[in-house]
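Presented below is the structure to which this report refers.
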Amino acid sequence: MDNLLIITAMVFTSIVFTVMGVFMFVRSRMERRVLLGKIQHDGSLAASGAIDGGASEAHSDVSPFVRLSMWLGNLVKPKDENEISKRRLLFLRAGYRQRSIPILFLGLQLLLAAALPVAFFVLQNLYLHMPSIYVLLFAVALALVGFSLPQIWLKLKISSRKEKITEGFPDALDLLLVCVEAGMGLDQAVSRVSIEMEDTCKPVSEEFKTFIMEMRVGLTRRDALKNLSARTDLDDVNSLVNLIIQTEKFGSSIGQALRVHSDTMRTKRHQRAEERAAKIPTKLIFPLLLFIFPSMFIVFLAPPLIQLFRMWKGA
């Protein structure tokens with residue numbers, strides 16, 4: 001009995017320490033990746049040439065999986081710079097600013113498209129033993145799924161980031177209006193808002209910081225605003241960009257224009273909230289039909305049915 005308790009305690013202790021070790025290792029790796037991402041992000045905003053040098057130095061400290069993906073991506077990357085720019089714009093909308101991300105993404109698509117069929121072939125030879133025609137069909141389907149999964153993930157990331165920007169942009173616009181009316185210039189106001197919004201809505205803060213950095217490296221305000229509109233791909237941001245450009249062109253008051261636009265943004269956010277609230281009864285129909293009503297039927301009807309079954313059996 002004592003030996004059994006000692007063995008149990010040792011197994012439990014080893015499991016606890018193993019889980020703690022894995023957790024601490026994963027957390028340290030995540031913190032390290034976040035720090036490297038911040039360093040690469042700052043470098044990418046300062047100068048595009050520093051990215052290539054930092055990326056080449058960072059290749060020595062990445063996993064073999066990433067190296068393989070980069071190698072495959074370099075083999076199939078488009079030759080046209082416009083196509084690469086379009087792909088890079090998609091990742092900018094998802095919040096990834098490293099120049100090597102599109103190439104890594106292409107390599108990951110090819111790697112998954114090849115890995116899933118290979119894993120299926122191994123499973124087929126060991127356990128399944130399906131007919132050849134079905135094996136071929138499943139292999140093609142898995143290759144398509146492996147190639148499409150990164151694209152689906154990218155679309156979800158873009159959609160999620162757009163939603164966050166849409167939710168936080170009216171607050172940023174209110175802060176921008178307060179800063180402008182307090183006497184700050186537009187660039188100083190955007191820089192201040194980017195700092196204030198860092199904890200409440202990080203995507204908006206990142207986009208405003210990118211705008212300020214582009215201004216510092218020599219872009220005109222008009223071009224930096226157009227880049228902001230292209231990165232976010234949102235009607236709310238696009239309307240603000242057009243408003244600021246027209247205000248500068250005609251020399252009107254930026255404060256008054258921002259006040260009117262801020263009121264419009266708050267109204268639109270209130271209308272979106274009302275629209276979501278109106279959709280709730282419709283969305284509740286399917287959970288009611290699939291989960292709540294069957295449970296209620298069981299609770300209400302089970303006792304009488306049991307009694308009827310006992311009476312019928314006794315008779």
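For the single chain, residues carry numbers from 1 onward in sequence order.
- Among all heavy-atom pairs drawn from Cys201 and Gly168, the shortest one is SG-CA, 3.9 Å.
- Ile84 and Ile158 are assigned to two separate hydrophobic clusters, defined by single-linkage of ILVMFWY side chains at heavy-atom distances under 4.5 Å.
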Stepwise side chain to side chain contact (heavy atoms under 4.5 Å, CB included) test for Thr200 and Asp171: CA-CA 9 Å; Thr200 57; Asp171 296 332; over 6 Å; no
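- Taking the charged nitrogens against the carboxylate oxygens, Glu167 and Lys268 have no contact shorter than 4.0 Å, which rules out a salt bridge.
- No donor-acceptor pair under 3.5 Å is formed between the side chain of Ser159 and the backbone N or O of Lys155.
- The backbone N or O of Leu219 lies less than 3.5 Å from no partner atom in the side chain of Asp223, so there is not a single donor-acceptor pair.
- For Ser160 (side chain) and Leu156 (main-chain N/O), no donor-acceptor pair under 3.5 Å exists by modelled atom type.
- Contact of the Phe169 side chain with the Arg269 side chain is not registered, since no non-hydrogen atoms from C-beta on lie closer than 4.5 Å.
- Residues Arg88 and Arg97 are not in side-chain contact: their nearest non-hydrogen atoms beyond the backbone lie 4.5 Å or more apart.
- Interatomic distance, Ile244 CD1 to Leu228 CG, rounded to the nearest 0.5 Å: 8.5 Å.
- Each of Asp236, Asp235, Asp233 was evaluated against Lys162; a single residue qualifies, Asp233, per the salt bridge (charged side-chain N to carboxylate O under 4.0 Å, His left out) test.
- The hydrophobic cluster containing Leu123 also contains Val135, counting ILVMFWY residues as joined when their side-chain heavy atoms lie under 4.5 angstrom apart, directly or transitively.
- Leu92 and Leu90 fall into different hydrophobic clusters, where Ile, Leu, Val, Met, Phe, Trp and Tyr side chains are chained together by heavy-atom contacts under 4.5 Å.
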Full working for side chain to side chain contact (heavy atoms under 4.5 Å, CB included) between Arg272 and Thr166: CA-CA 10 Å; Arg272 284 195 296 266; Thr166 302; 3.5 Å; yes
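- The two residues Leu154 and Ala94 make their nearest non-hydrogen contact at CD1-CB, 3.8 Å.
- For the pair Pro303 and Ile298, the tightest heavy-atom approach, listed with the atom from each and the gap, is CD-O, 4.2 Å.
- Using modelled atom types, one side-chain atom of Ser205 and one backbone atom of Ser194 make a donor-acceptor pair closer than 3.5 Å.
- Inter-residue side-chain proximity for Pro150 and Leu112 is flagged as met; some heavy-atom pair is nearer than 4.5 Å.
- With rounding to the nearest 0.5 Å, the separation of CD1 in Ile152 from NZ in Lys157 is 15.5 Å.
- Using the six-membered ring where Trp is involved, Trp153 and Tyr96 have ring planes that are tilted, between 30° and 60° apart.
- Here CG of Leu176 is found 12.5 Å from CD of Glu196. Values are rounded to the nearest 0.5 Å.
- Hydrophobic clustering (side-chain heavy atoms under 4.5 Å, transitive across Ile, Leu, Val, Met, Phe, Trp, Tyr) groups Leu289 together with Met296.
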Glu214 and Arg221: CA distance, side-chain angles, deciding distance, side chain to side chain contact (heavy atoms under 4.5 Å, CB included) verdict: CA-CA 9 Å; Glu214 287 181 345; Arg221 182 182 295 172; over 6 Å; no
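- A salt bridge is defined here as a Lys NZ or Arg NE, NH1 or NH2 lying under 4.0 Å from an Asp or Glu carboxylate O, and Arg259 with Glu181 meets this definition.
- Of the candidates Met213, Met215, Glu207, Met215 is the only one forming a side chain to side chain contact (heavy atoms under 4.5 Å, CB included) with Phe211.
- The shortest distance between side-chain heavy atoms of Lys77 and Asn74 falls below 4.5 Å.
- A salt bridge is defined here as a Lys NZ or Arg NE, NH1 or NH2 lying under 4.0 Å from an Asp or Glu carboxylate O, and Lys279 with Glu275 meets this definition.
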Gln188 vs Cys179, side chain to side chain contact (heavy atoms under 4.5 Å, CB included): CA-CA, chis, key distance, verdict: CA-CA 8 Å; Gln188 293 177 336; Cys179 293; over 6 Å; no
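- Here the CG-OG distance, from Leu258 to Ser253, works out to 8.5 Å after rounding to the nearest 0.5 Å.
- If you take CG on Leu106 and CD1 on Ile101, they are separated by 11.5 Å, rounding to the nearest 0.5 Å.
- Of all non-hydrogen atoms in Arg93 and Arg231, the two that sit nearest each other are CG-O, 2.7 Å.
- In this structure the side chain of Leu186 reaches within 4.5 angstrom of the side chain of Val190, judged on heavy atoms.
- Between Leu177 and Ser262, the shortest heavy-atom distance links the atoms CD2-CB, 4.4 Å.
- Counting only heavy atoms from C-beta outward, the side chains of Ser191 and Phe208 never approach each other to under 4.5 Å.
- The closest side-chain heavy-atom distance from Val193 to Val204 is not below 4.5 Å.
- The heavy-atom pair separating Pro203 from Ile165 by the smallest distance is CB-CG1, 3.6 Å.
- Atom CZ of Phe120 sits in a crowded spot, with more than 12 heavy atoms from other residues, nucleotides or ligands closer than 6.0 Å.
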Salt bridge (charged side-chain N to carboxylate O under 4.0 Å, His left out) evaluation trace for Glu83 with Arg87: CA-CA 6 Å; Glu83 183 66 24; Arg87 291 177 179 270; 3.7 Å; yes
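- Taking hydrophobic clusters as Ile, Leu, Val, Met, Phe, Trp and Tyr residues chained together by side-chain heavy-atom distances below 4.5 Å, Leu288 shares a cluster with Ile285.
- Between Arg192 and Met197, every side-chain heavy-atom pair lies at or beyond the 4.5 Å cut-off.
- Here Arg222 does not pair with Glu248 in a salt bridge; the nearest charged N to carboxylate O distance is not below 4.0 Å.
- Taking OG of Ser295 as the start and CZ of Phe300 as the end, the distance is 10.5 Å to the nearest 0.5 Å.
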